[in-house]
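Treat the numbers as computed from the prediction; the structure is a model and nothing was measured.
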Protein chains: 2
Amino acid sequence: MARTAGSHSDITGPRIRAAALQLFAQRGFAAVSMRQIAGEVGVQAGALYNYTPDKQSLLFDLMQRHMEGLLAEVASRVMGDTPTDRLQSFVRFHIGYHIDRPDEVFIAYMELRSLSPENFARIETQRRRYEDVLEAILQDGVVQGAFSVPDTKIATLGLIAMLNGVNTWYRAGGRLSQTEVEGIYWDMARQAVGA
Amino acid sequence: MARTAGSHSDITGPRIRAAALQLFAQRGFAAVSMRQIAGEVGVQAGALYNYTPDKQSLLFDLMQRHMEGLLAEVASRVMGDTPTDRLQSFVRFHIGYHIDRPDEVFIAYMELRSLSPENFARIETQRRRYEDVLEAILQDGVVQGAFSVPDTKIATLGLIAMLNGVNTWYRAGGRLSQTEVEGIYWDMARQAVGA
DNA sequence: CTTCTATCTGAACGACTGTTCATATAAGCT
DNA sequence: AGCTTATATGAACAGTCGTTCAGATAGAAG
């Protein structure tokens, strides 16, 4: 669908991000060319540079948006009076949010090495802020005697790694519903921290 | 260190694999050129083709060797009379083996998409065989009433994902020794399966 | 209807890609 | 000593890469 010159700015921008997201997730940042992205949008490669200064910024933009959405949502979705309740809401939120965005998650955790040093540092800061949300819950639980966790930092990383594993196998319409998956992982997480 | 023609076959082969391993892990398969690998070895790019038919085979060779070593080792290192003992030996083995080979692990779990379809299928078969070792332990434990696991397949994937997470943060000489890390993860794994 | 401006094309840039191959070299064998 | 053969060079191939830019085009503004 060859695009003619003129007035498609508001449409083309999101379409470029969507195409880049899908291609980066599927083949990897380095393996995807600007021409392939442009082709997916129905535009010549040069047109992309009306929307991004370069390929690196396109990747960073995708990651940045994902992390900001994640942080904004987790803040409003983690709730409960006890650490156990808050942990459960965190686990269920994490799984649900990630299951809905497999491509974003894949890129955010796999293309960190493709970021420039400055961009890497910025994303890493946001990621650590997300981990801190979980660690605060675990620390609360330890202080209140609700959890049995020898090292909250490692438990945080271990739990998140376990939850992220969902994206390696979950496919919508598979054997298990999202709610069932949430329940199974919540059971494992609850037991892992000795709640 | 420019190489002169002649007789370095037995040395150059392993050096090429070592260089490719490190570069693929650091920058990703698609982002590494044959010339960069050759440069690391101190050889011209053309010389690589005395050792591999093409770049794809070089990647597959690295993965294949890793998976074969993993399968051979796990068979001899998982032991114990009870499912709990066997689970513990699996967890400790997995962490120890993976901690010692961060680059291999990184590639094996991240560059699957860079494999040709046939090569992908072969590696995937080996990986499933490794997962089956753990799942067999979990099934044993469920049958004997030692574990509380609603879905052994998912528990397998969840546990392996959790254990693999070690490689995202563990660095030799850090705050925790390998044995301490094994202990912490074993605690979490044991509790996660309700042992 | 004309002018302005955002948007896109299409060609071009130099650099780099994986791979091939004729040629040179050095070690091992006789 | 010469001869053979494995091993490496270095140039070349056709293709792709990210990025730039002059020029074409179309919708919005006057």
Side-chain angles (χ1 to χ4, degrees), chain A residues 1-21 23-24 26-63 107 111 113-119, chain B residues 1-21 23-24 26-63 107 111 113-119:
Chain A
M1 46 176 79
R3 188 73 40 102
T4 43
S7 68
H8 299 93
S9 173
D10 47 342
I11 291 181
T12 306
R15 293 235 298 162
I16 288 174
R17 278 192 295 274
L21 185 72
L23 287 171
F24 287 166
Q26 197 168 93
R27 307 182 202 170
F29 175 74
V32 174
S33 71
M34 295 297 265
R35 284 172 181 82
Q36 286 170 348
I37 298 170
E40 203 72 28
V41 178
V43 115
Q44 294 300 312
L48 302 186
Y49 292 85
N50 289 322
Y51 300 91
T52 183
D54 48 39
K55 194 186 177 191
Q56 165 72 206
S57 302
L58 185 51
L59 174 63
F60 176 69
D61 187 42
L62 292 174
M63 289 205 190
I107 290 175
E111 295 296 351
R113 65 185 168 190
S114 302
L115 289 172
S116 68
E118 315 90 68
N119 287 342
Chain B
M1 46 177 79
R3 190 68 45 100
T4 43
S7 68
H8 299 93
S9 172
D10 47 341
I11 291 181
T12 307
R15 294 235 299 162
I16 288 174
R17 279 193 294 276
L21 185 72
L23 287 171
F24 287 166
Q26 196 168 92
R27 308 182 201 170
F29 175 74
V32 174
S33 72
M34 295 299 265
R35 283 172 183 81
Q36 287 169 348
I37 297 170
E40 204 71 29
V41 178
V43 115
Q44 294 300 311
L48 301 185
Y49 292 86
N50 289 322
Y51 300 91
T52 182
D54 48 39
K55 194 186 176 191
Q56 165 73 208
S57 302
L58 185 50
L59 174 65
F60 175 69
D61 187 42
L62 292 174
M63 289 205 190
I107 290 175
E111 296 296 352
R113 66 183 168 192
S114 302
L115 289 171
S116 69
E118 314 90 69
N119 287 342

Check whether Glu40(B) reaches the backbone of Leu23(B) with its side chain - one donor and one acceptor, N or O, closer than 3.5 Å.
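Checked: no pair found.
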I'd like to know if the side chain of Lys55(B) reaches the main chain of Val32(B), judged simply by a donor and an acceptor atom lying under 3.5 Å from each other, with no hydrogens or angles considered.
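Yes.
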For dC8(C), take OP1 and OP2 only and decide whether either is under 4.0 Å from a side-chain N or O of Thr12(A).
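Yes, such a contact exists.
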Those residues that, when tested against Arg27(B), pass salt bridge (Lys or Arg N to Asp or Glu O under 4.0 Å) (two or more places apart)
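Checked Arg27(B) against salt bridge (Lys or Arg N to Asp or Glu O under 4.0 Å); zero matches.
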What residues form a side-chain contact (heavy atoms from CB on, under 4.5 Å) with Ala47(B), not counting sequence neighbours?
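side-chain contact (heavy atoms from CB on, under 4.5 Å) check on Ala47(B) returns Val43(B).
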Sorted by chain and residue number, the side-chain contact (heavy atoms from CB on, under 4.5 Å) partners of Gln44(A) (sequence neighbours excluded) come out as none
Look at the side chain of Val43(B) and decide which nucleotide, out of dT7(D), dT9(C), dT9(D), has an atom nearest to it.
dT9(D)
Nearest listed nucleotide, side chain of Asp54(A), among dT19(D), dT7(C), dG10(C):
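Shortest atom-to-atom distance from the side chain points to dT19(D).
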What nitrogen or oxygen pairs link the protein and nucleotides 20-22 of chain D at under 3.5 Å?
none

Atom pair CG (Leu59(B)) and CD (Gln56(B)), whose distance is rounded to the nearest 0.5 Å:
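CD of Gln56(B) is found 6.0 Å from CG of Leu59(B).
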Rounded to the nearest 0.5 angstrom, the CZ-CD1 distance for Phe29(A) and Ile107(A) is 10.0 Å
Please state how far atom [atom1] in [X] lies from atom [atom2] in [N], giving the value in whole angstrom units.
{"X": "Leu48(B)", "N": "dG18(C)", "atom1": "CG", "atom2": "P", "value": "10 Å"}
{"X": "Gln44(A)", "N": "dT19(D)", "atom1": "CD", "atom2": "P", "value": "17 Å"}
{"X": "Ile16(A)", "N": "dG18(D)", "atom1": "CD1", "atom2": "C1'", "value": "15 Å"}
{"X": "Asn50(B)", "N": "dT7(D)", "atom1": "CG", "atom2": "C1'", "value": "6 Å"}
{"X": "Ile37(A)", "N": "dT19(D)", "atom1": "CD1", "atom2": "C1'", "value": "13 Å"}

Of all the heavy-atom pairs spanning Tyr49(B) and Asp54(B), show the shortest one and how long it is.
CE2-CA, 4.0 Å
Can you name the residues that form a side chain to side chain donor-acceptor pair (under 3.5 Å) with Thr52(B), not counting sequence neighbours?
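Checked Thr52(B) against side chain to side chain donor-acceptor pair (under 3.5 Å); zero matches.
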List every contact pair, protein side and nucleotides 15-17 of chain C side both N or O, where the distance is under 3.5 Å.
residue : atom : partner  : partner atom : Å
dT17(C) : OP1  : Ser33(B) : OG           : 3.3

